[in-house]
Structure formats: structure tokens, C-alpha cells
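Computed from a predicted model, the values in this text were never measured in an experiment. Computed from heavy atoms alone, side chains included, the values below leave out hydrogens, waters and symmetry copies. Each chain gets a letter, A, B and so on, in the order its sequence line appears, and its residues count up from 1.
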Amino acid sequence: MSSPLLSNLNAEQLAAVTLPHGSALILAGAGSGKTRVLTTRIAWLLATGQANPSSVLAVTFTNKAAREMLARLSALTPVNTRGMWIGTFHGLCNRLLRTHYRDAGLPQLFQIMDMQDQLALIKRVYKASNIDADRFPPRQLQALINDSKEEGSRPNQVEANDEFTRRQVEHFALYEEACRREGVVDFPELLLRSFELLSGHESLREHYRRRFSHLLVDEFQDTNALQYRWLRLLADPHTAVFAVGDDDQSIYAFRGANIANMQHFERDFATPEAPVKLIKLEQNYRSHGHILDAANALIRHNQSRLGKDLWTADAQGEPVRAFVAPSDTHEAAFIVDVVKSLIDEGVSPAEMAVLYRSNAQSRVLEHALFNAAIAYRVYGGMRFFERAEVKHALAYLRLLAAPDDDGAFLRVVNFPPRGVGARTLEALQDQARATGTSLWQSACATRFGGKAGGSLAGFLAQIEAMRAATAGLPLGETVEHVVQSSGLAAHYTAEKGGQERIENLQELVNAAESFVREADLQVAGEAEGETGDALSAFLAHAALEAGETQAAEGRPALQLMTVHAAKGLEFHTVFLSGLEEGLFPHENSLSEHDGVEEERRLAYVAITRAKRRLYLTHAQSRMLHGQVRYNVASRFLDELPRALIQWLSPQRADVPPAREPASGAARYDALRDRPGWRIGQSVKHAKFGLGIIIDAEGRGTDARVQVNFRNAGVKWLALEYAKLQPA
DNA sequence: AAATGTGGAATTTTT
DNA sequence: TTCCACATTT
């Protein structure tokens with residue numbers, strides 16, 4: 001078939017797109033046209049009449065990926081994408097639960113809690129049950145709850161082999177009861193509840209199994225145990241499951257992603273008639289050859305992988321550059337210099353990214369960039385819908401939609417301050433606990449005396465007035481009205497520095513308006529219509545899509561982000577900074593199961609972001625937690641073929657540390673009469689291997705040095721006896 | 001109810 | 001060091 005749909009696909013892509021009915025695992029390397037294959041596959045299924053829009057379900061992890069898929073699909077096919085189930089796991093589950101809320105055992109207007117809301121609820125549960133938060137850290141329970149649910153377990157299914165865990169599981173059960181009472185669900189609950197909905201209702205399950213003849217899964221390597229079971233439940237032997245993923249880019253094990261799902265896929269989704277097809281996409285359309293060579297060489301050091309080598313028909317390109325800096329500030333200065341000269345060469349700063357392993361590393365870089373007057377943008381941090389003022393406004397809206405939401409009630413009952421104090425709330429909470437009702441219902445049912453009681457009554461009246469005033473209003477006007485009548489606008493106007501918050505509240509009104517306007521284009525599960533209630537849909541949207549971290553800069557800006565945040569992106573030039581043992585691979589990963597392999601995949605992701613130029617940098621000393629740390633070069637640098645790397649500095653630069661450690665005088669003193677030895681120096685030991693001197697004491701023949709060995713840890717050695725070699 | 005102080009922790013993060 | 005949560009103060 002020579003339809004324009006299929007033109008310009010390479011042989012493997014074409015094979016994947018046109019696979020006959022049956023399940024398939026597409027091993028799609030970085031930059032191999034994964035999204036193109038996924039969207040073209042859907043378009044091809046529709047064009048050839050093998051599927052109609054309503055029989056396709058495509059699932060992604062992020063809203064961004066879902067939007068991109070929708071956009072590209074609309075460009076490929078004239079079919080209206082509105083009827084299609086394309087969205088995130090959470091978005092699709094939300095859609096399912098809104099449609100079948102009765103069978104799912106949920107109130108019609110159940111609210112979705114984000115992680116903040118969830119933590120707040122846990123703390124409230126603790127307070128109500130007199131649980132000591134010092135002995136049982138709320139965050140720990142939160143982790144247990146989410147991990148358990150993502151494994152598919154309810155409290156009665158969690159294995160508890162010690163007293164502490166048994167108590168935690170009791171707390172988990174209390175939390176579940178609170179969720180039920182308040183009509184709220186957390187993120188993993190969306191998945192677990194819809195899993196239970198389908199597994200517990202055969203007719204529903206059969207309905208959806210018959211309906212979705214094609215399941216397509218993006219970033220399959222990121223699926224967790226429950227998502228995998230969810231897919232298996234939705235698939236019957238006639239369902240074609242098209243899973244696209246890359247085991248080498250699995251970097252989310254810490255949040256439950258399970259690469260083993262890729263290994264099990266062939267076994268679990270094969271049918272007697274059709275074994276699972278496996279197709280590898282290895283041709284890369286992003287990077288020049290040297291960059292791919294480096295990526296391939298690095299990832300080959302991993303044991304557990306399905307195996308794959310990227311190649312390009314494009315040029316070998318520039319060599320990969322590496323640089324050793326004496327300190328983190330020198331490293332930043334180097335990056336600034338290169339960025340400047342590349343800008344002079346005409347590369348847009350927006351096409352360059354500085355990547356790092358952990359957010360803390362951005363500070364030094366930002367400082368250097370700021371002083372050099374280079375525009376930059378840092379990814380990460382507070383998202384739009386997570387801002388306090390936005391959450392306050394949303395809490396008022398939630399009370400309009402679902403007054404039993406105690407979390408929303410408590411957030412705004414006295415914000416802006418209206419004289420409802422702690423005493424009143426204590427009494428109200430006791431009352432609610434005693435009667436087993438929500439705070440809202442309790443407050444309505446009770447007459448509280450005195451001034452405080454009057455304030456509370458005022459609040460109730462205010463909410464009722466809002467509800468009456470906004471009934472029938474378009475969503476945007478509802479939000480506008482709530483922002484004004486809640487007193488939030490006035491409160492922030494009066495507050496010094498509240499201007500930004502006012503702007504964010506205005507932005508919330510805009511967001512509501514565009515949400516309604518673009519309802520047609522909304523990702524499945526968020527659109528109005530199925531729930532029949534725009535406000536409720538908007539609240540779900542706010543919870544499921546936290547929004548951008550930061551408004552885009554006006555002028556093109558250098559991109560700063562963690563390697564995790566860079567996944568899926570590409571840049572003309574990439575600086576991968578902080579390539580040091582302890583940082584990257586991170587020291588914590590050394591003790592984790594398969595931790596270093598995951599770190600290596602992370603480095604692989606970083607390298608494969610670069611299209612044309614790649615700089616790998618390492619600082620010999622770095623300020624961390626208020627202390628100077630000396631680190632040896634990352635093992636990942638050594639795992640790259642030397643011939644591929646162009647060193648821009650003497651590889652083992654014998655440069656004195658740029659910054660004296662605070663209490664360093666004595667330590668330098670210790671080595672004063674031992675020329676050739678100094679703190680921060682790279683050394684080699686016959687047995688312990690490579691390391692770096694981080695401390696010293698004693699004089700002359702008594703001199704001892706403390707060495708941080710790459711593989712053997714930190715040791716004190718006598719200079720006189722340990723046969724240390726400068727390295 | 002805001003302002004100030006203290007102690008502890010400090011990979012990675014989407015929904 | 002720096003940030004945060006939480007407690008105490010004013």
C-alpha cells in the first residue's frame with residue numbers, strides 16, 4: 001500500500017504500523033520516531049477500516065504526551081478524535097469512574113486529591129484518632145498507601161510482619177474510611193477503583209473488552225504493577241495490544257515503574273493464534289553519530305536489557321566534549337563560556353539545555369548565568385494548580401460542587417480570616433466525629449453560640465450565597481464570582497506582594513474559560529459532557545493536570561532541568577553536569593537494587609537528548625549541604641570509549657581546589673611538607689583503586705590521608721605505607 | 001494572625 | 001547551606 005500516510009516510514013516503522021491484528025511490543029529507541037509510529041498506527045487502523053474511533057484506547061503517562069498524540073493524530077486523519085479514548089491512565093480511569101460512579105461505589109461528584117491534599121488528609125486522620133505523628137510520620141503512611149494501591153492492595157491485603165507496619169495498616173484503613181466519608185479519591189485510587197470496577201462487574205468488563213479492540217500504550221517501560229494488571233483486565237484474547245517502550249529509558253523504578261512488564265508482555269499477551277510480535281526501532285533521527293556511539297557504549301554496561309543499538313544515517317558530527325573543573329563554580333563558568341560562544345555562533349539559547357542529576361545543582365549554575373546576563377529557565381518547582389492562592393480558590397469551588405469535602409472546608413473556612421478560630425473548629429470537628437458526618441453538615445446542623453458561632457454561620461451563608469449566585473453561570477464567570485465574593489481578591493490586594501497572587505487568580509479565571517472553550521479538544525476523561533457538569537470537570541482537570549511550572553519566557557532562554565525532566569525532549573546542545581561519583585550515579589543508588597543500572601539509564605537518557613553537541617562536565621570539588629565535598633569522576637565517564645571523547649581540560653587536572661574548606665587550614669598544613677600531595681587530588685591505590693584525597697592529618701612520616709575511593713568507600717591511609725600513586 | 005525561631009533533612013516525580 | 005515544616009512568640 002502506498003498511501004501518503006505510510007510514506008517516509010523506514011522498514012521497521014512500516015512493519016510496526018501495519019502489523020496484522022495481534023499484540024506487539026515495539027522496542028523504540030530514543031529518537032526513533034516512537035510517537036510517529038504510535039499515531040500512524042492508529043491512523044492506519046482507522047483508514048483501513050480495521051478499527052473505528054470508538055474501538056481505540058490509547059494511554060500515556062503525561063497529559064503532554066496525550067495532547068501531542070491527539071494533535072498529531074488530528075493532523076494525520078480527518079476522523080474526529082472526540083470519541084476516542086486517548087489520555088493518561090488517570091484521565092481515562094477518571095472518565096470510567098465518572099461514567100459508572102454508582103457501580104464503582106463513589107459519589108457522583110467525587111473529588112480528586114493531589115499529593116498535598118492527600119498528606120493533609122492523613123494529618124487530619126491522625127489528629128482525629130490521636131495518632132502520634134512523631135512516631136508515625138505522615139509522609140511514611142502516604143508512601144505506604146500509594147505503594148500498596150499501586151500494587152493493587154487494600155489495607156486488608158497489605159502484608160504486615162511487624163508491629164509498626166500493622167499499626168500503619170490500621171492507619172491506612174482509617175484513611176480509607178475518611179476518603180469514603182468525604183467523597184474524595186487520591187491518584188492511585190483512580191486506577192485501583194477502576195480496576196476493581198472492571199474486575200467486579202463482568203458485564204461492564206465485557207462491554208469495554210468488546211468495545212476496545214485496540215489498546216495502545218505509550219512509554220510502556222514506565223507502567224507499574226497495577227497499570228499492567230489494568231491492561232490485562234481490559235484485554236481479552238481478541239484485543240490487539242500495541243505497547244511501545246524502551247527498557248533503556250526506564251528511569252522511574254523509584255515510583256513503581258516495573259521493567260519486568262516488558263519481559264512478561266510476550267508471555268502474558270500472546271494468544272494461541274498469535275504470538276506477540278517484537279519489533280525494534282533502532283534508527284535514530286535525532287543525534288549525530290558520535291553522540292549515539294557514546295550512548296550505545298554506555299548502556300552496553302547494563303546487564304539486564306533487551307538489547308538494542310542506535311544508529312543514524314546522518315553524519316558522525318562533532319566529538320563529544322568533556323571537561324574537568326576544579327570546583328562547581330568553575331564548572332558553571334565553563335558552561336557559561338561555551339553557551340556564550342555558541343550563542344555567538346548563532347545557536348539559540350532555547351536550543352541548549354544544562355542537565356543535572358539533582359535540583360540542588362541548579363543554584364550555582366543560575367548564579368553564574370545571572371551574572372553573565374544569560375536568559376535561562378529552570379524547570380521544576382511549584383506548578384500552577386499547586387499554588388496556595390489557586391488552591392484556595394479551588395477549595396471554594398469544591399465546596400460548591402461537593403460540600404462534604406472536609407479538606408476544602410478546612411482550607412478556606414477561615415481564609416481569608418473571618419474570625420473562625422481553632423476553638424470553634426475543634427468543637428466542630430468533635431461534633432462531626434461524634435455524628436459521623438462532614439464538617440459542612442455538622443456546621444449546618446448546629447447552632448454555635450457567641451461571636452465565633454456567628455462567624456461560622458457567616459461562612460456557611462457566604463458559600464450558600466455563592467452557590468445561588470453562580471447557579472447557571474458559565475464556568476469562567478463562576479470562577480470570577482468566587483474569586484471576588486470569597487474575599488480572596490480583596491485579601492491579596494491588601495497584602496503586600498500579593499500582586500502575583502492576584503495575577504494567578506486572574507489566570508485561574510482564564511484557565512476556566514479556555515477549559516470550556518477547548519472542551520472539544522480536551523484529553524479524554526476531562527471533558528465536560530460525560531459528567532454533565534463543567535465545574536466538576538474543571539476541578540478534575542485541575543487535579544489531574546497540575547499545569548506548567550513557570551510561564552514561558554518572552555525571549556529565548558537556556559533550559560535548566562534535571563535529567564528526569566529532560567526525558568522526551570531534545571536540544572541542539574546538551575551540557576550534562578556533575579558527572580561525579582556520589583552525585584551521578586547518586587550515592588543512594590549504590591545501595592538500591594539495580595540502582596546503578598538505573599542511574600546508567602538516566603545518563604543514557606541525558607546523552608540521547610543531544611542532537612549536535614554534547615558536553616560532559618565534572619567538578620572535583622562541590623559545595624553540598626554546606627560542606628565542600630571532593631568527588632572522583634563518575635564511572636560513566638570511564639565507560640565511554642576514550643577515542644570518542646575530546647577532553648577540553650587535562651583529564652586529571654592537577655588544579656588546586658578553588659575554594660578552601662572552612663576548617664581546611666589544618667588539613668592543608670598536614671600535607672605542607674609532603675609536596676605532591678594535596679586535598680582534592682586524585683589518587684590510585686593498588687587494592688582500593690581510584691579515589692580522591694578528602695582530608696589529611698599528621699606530619700612527616702606520620703601523615704595520614706583520608707581517601708574517598710570510588711568503589712571501596714572512604715578510608716584513612718598512612719602516606720608512608722599505602723602505596724598511593726597520583727592519578 | 002503575623003512574625004520569628006528551631007530542628008531536621010537535603011535524589012529523581014507524574015498523575 | 002538552604003529550605004521546609006512546625007512551634008512559639010508578639
Side-chain angles (χ1 to χ4, degrees), chain A residues 59-66 87-94 112-120 123 133-134 137-139 143 146 149-150 185-192 194 218-219 222-224 226-227 250-257 328 355-364 367 379-383 385-386 414-422 491 495-496 523 525-526 540-547 549 561-568 578 582-592 595 598-599 601-603 605-606 622-629 659 662:
Chain A
V59 63
T60 62
F61 276 84
T62 65
N63 293 297
K64 196 177 157 203
T88 62
F89 276 103
H90 298 267
L92 296 176
C93 287
N94 178 49
I112 302 168
M113 291 184 290
D114 65 14
M115 297 285 274
Q116 283 179 42
D117 299 333
Q118 185 187 34
L119 192 64
K123 288 177 182 170
D134 290 328
R139 284 189 185 281
N146 292 341
K149 289 188 180 183
E150 280 167 4
V185 302
D186 56 41
F187 285 134
E189 183 72 23
L190 288 168
L191 268 147
L192 182 52
S194 65
D218 188 23
E219 304 280 17
D222 287 339
T223 49
N224 64 31
L226 181 56
Q227 287 158 342
S250 167
I251 56 173
Y252 286 113
F254 70 91
R255 66 178 202 217
D328 47 358
L355 309 184
Y356 35 80
R357 175 68 238 272
S358 63
N359 291 111
Q361 288 166 253
S362 75
R363 183 165 271 107
V364 181
H367 184 76
Y379 284 73
M382 190 65 75
R383 317 278 284 289
F385 286 111
E386 289 167 359
N414 197 36
F415 195 92
R418 50 174 71 85
V420 181
H491 176 83
E495 193 181 74
K496 58 180 188 323
V523 165
E526 292 184 357
H541 167 82
L544 290 175
E545 174 153 25
T549 286
M561 66 189 83
T562 63
V563 180
H564 281 95
K567 191 175 161 214
L583 241 197
F584 202 177
H586 196 277
E587 53 196 348
N588 295 0
S589 73
L590 304 182
S591 54
E592 288 162 9
E598 172 126 337
E599 295 286 304
R601 291 193 290 270
L602 199 49
V605 166
R622 179 179 297 279
M623 186 65 102
L624 198 66
H625 308 330
Q627 277 190 318
V628 178
R629 296 225 332 200
R659 199 195 288 110

Heteroatom pairs (N/O) under 3.5 angstrom, protein to nucleotides 7-10 of chain C:
none

Taking protein heavy atoms under 4.0 Å as touching, what does nucleotides 10-15 of chain B look like 5' to 3' if B marks base contact, S marks sugar-phosphate-only contact and - marks none?
BBBBBB
Answer yes or no: is there a side-chain heavy-atom contact under 4.5 Å between [X] and [Y]?
X: A/F61; Y: A/Q227; answer: yes
X: A/N94; Y: A/H90; answer: no
X: A/K149; Y: A/L226; answer: no
X: A/L544; Y: A/L190; answer: yes

Listed partners of A/F415 passing ring-ring contact (aromatic ring centres under 6.0 Å, His included), at least two apart
A/H392, A/H491
Residues passing the ring-ring contact (aromatic ring centres under 6.0 Å, His included) test with A/Y356, sequence neighbours excluded, are none
Which value, in whole Å, describes the distance between the C1' atoms of nucleotides C/dC6 and B/dT11?
24 Å
Using the P atom as the reference point in each nucleotide, state the distance between C/dC4 and B/dT13 in Å, no decimals.
15 Å
The side-chain hydrogen bond (donor to acceptor under 3.5 Å, both in side chains) partners of A/S250 (sequence neighbours excluded) come to none
Partners of A/T223 by side-chain hydrogen bond (donor to acceptor under 3.5 Å, both in side chains), sequence neighbours excluded?
A/N261
Between A/D114 and A/R383, is the closest basic N to carboxylate O distance under 4.0 Å?
no
Give each protein N/O atom lying under 3.5 Å from an N/O atom of nucleotides 3-5 of chain C, with the pair distance.
residue : atom : partner : partner atom : Å
C/dC3   : OP1  : A/R363  : NH2          : 2.4

Test side chain to side chain contact (heavy atoms under 4.5 Å, CB included) applied to [X] - qualifying residues, sequence neighbours left out:
X: A/R363; result: none
X: A/A565; result: A/M561, A/T562
X: A/R255; result: A/Y252

The single option from A/E598, A/R357, A/E599 that satisfies side chain to side chain contact (heavy atoms under 4.5 Å, CB included) with A/S589 is A/E599
The correct list of stems in which DNA chain B takes part (3 or more consecutive Watson-Crick or G-U pairs, distances under 3.5 Å) is B:1-10 with C:1-10
For A/N414, report the nucleic acid contact type (base, sugar-phosphate, nothing); a contact means any heavy atom under 4.0 Å.
sugar-phosphate
Is the backbone N or O of A/A257 less than 3.5 Å from a side-chain atom of A/D222, with the two atoms forming a donor-acceptor pair by type?
no
Check the interface with nucleotides 7-9 of chain B: list each N/O to N/O pair with the protein under 3.5 Å, or write none.
none

Over 12 non-hydrogen atoms of neighbours within 6.0 angstrom of CZ in A/R139
no
